[in-house]
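Structure first, then comments.
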Amino acid sequence: MKEINITTKIEVYNGVHELSSEIQSLMELAIQTRKNAYAPYSRFRVGAAILLDNGKIVLGSNQENAAYPSGLCAERVAIFQAGAIYPEAKIVKLAITAASDTNPTLAPIPPCGACRQSIAEYEFKQDTPIEIYFMGESGEVYKSNSINNLLPLSFDKTSL
C-alpha cells in the first residue's frame, strides 16, 4: 500500500478591489451577467465571464428549467458558447460570481462538479491552465491557477 497526498493551492483576495484591473473588469461583467440568470426555481443566480486568448470575452448565466436536469450552469453556458463561436481560441481566465435571491452569499462559491469536469475538458484540450476566480455576491475572491486544484485526479480522454 502507498499513500498519495494531494495539495490544493488557492489564492484568497479580500475583495474585488484587490484584483488586477483586468480581473476586476472581468468579474464586473460576471456580476452584471449574473443578473440575467433565469433562476425561477432555485432563486440562485450565477454569472460567468471568460477571457479568451484572442481578447474576446464570452459571458454566461445559469438557465433553469422546470425539468431540473435540463438546465445549465453559467460556467458551462459560457464555456460551450466560447467553444462554439471561437473553437480555436484558448480560455485564459474565468470569473464566476453567485448570489441568492433569498440568502446572502458572502463566501466564494466554486463551480459545481459538472462544471469542473467541463472546465477540465477544455483545459486538457487546450493544454494550458485556466485561471479561475470565484466569489459570492461580495466579499472574498478565490483564485485557482488551474482546474487541477479544484478537481484533482480528473477524468479525461486518456482514461478512455
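Side-chain contact between Pro129 and Glu123: present, with at least one pair of heavy atoms (C-beta onward) separated by less than 4.5 Å. Using a 4.5 Å heavy-atom cutoff, the side chains of Glu64 and Ser42 are in contact. Between Ser70 and Tyr68 there is no side-chain heavy-atom pair separated by less than 4.5 Å. Within the 4.5 Å cutoff, no side-chain heavy atoms of Ile147 are placed close to those of Ile130. With contacts defined as side-chain heavy-atom distances shorter than 4.5 Å, the pair Leu52/Ile57 does not qualify.
More than 12 heavy atoms of other residues, nucleotides or ligands lie within 6.0 Å of NZ in Lys125, so this atom counts as buried by the packing criterion. Within a 6.0 Å sphere centred on CG of Leu160, heavy atoms belonging to other residues, nucleotides or ligands number more than 12. The number of heavy-atom neighbours closer than 6.0 Å to CG of Asp127, taken from other residues, nucleotides and ligands shown, is 12 or below.
Between Tyr142 and Phe134, the angle of the ring planes goes over 60°, which puts this pair in the perpendicular group of the 30/60° scheme. Ring-plane geometry between Tyr133 and Tyr13 is classed as tilted, the angle between the planes lying from 30 to 60 degrees on a 0 to 90 degree scale.
A distance-only check finds a donor-acceptor pair linking the side chain of Thr105 to the backbone of Ala98 [under 3.5 Å].
If you check the side chains of Gln126 and Thr128, you find a donor sitting under 3.5 Å from an acceptor. Residues Ser144 and Glu131 bring no donor and acceptor atom of their side chains to less than 3.5 Å of each other.
Between Cys115 and Arg76, the shortest heavy-atom contact is SG-NE, 3.4 Å. Scanning all heavy atoms of the two residues, the minimum distance from Ala78 to Gly60 falls at CB-N, 3.8 Å. Shown here for Phe155 and Ser159, the closest heavy-atom pair between the two residues is CE1-CB, 3.5 Å. Residues Gln24 and Leu19 come closest through the heavy atom pair NE2-O, 2.8 Å.
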Worked check of side chain to side chain donor-acceptor pair (under 3.5 Å) between Glu137 and Thr97: CA-CA 6 Å; Glu137 62 185 283; Thr97 177; over 6 Å; no

Working for side chain to side chain donor-acceptor pair (under 3.5 Å), residues Gln117 and Glu121: CA-CA 6 Å; Gln117 182 63 41; Glu121 182 71 22; 4.8 Å; no

Could you pull out every donor-acceptor pair under 3.5 Å between side chains of residues 81-89 and any protein atom, sequence neighbours left out?
none

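For Asp101 and Arg43, the salt-bridge test passes: some basic side-chain N is under 4.0 Å from an acidic carboxylate O.
In this structure, Ile132 CD1 and Leu150 CG are separated by 5.0 Å, a value rounded to the nearest 0.5 Å.
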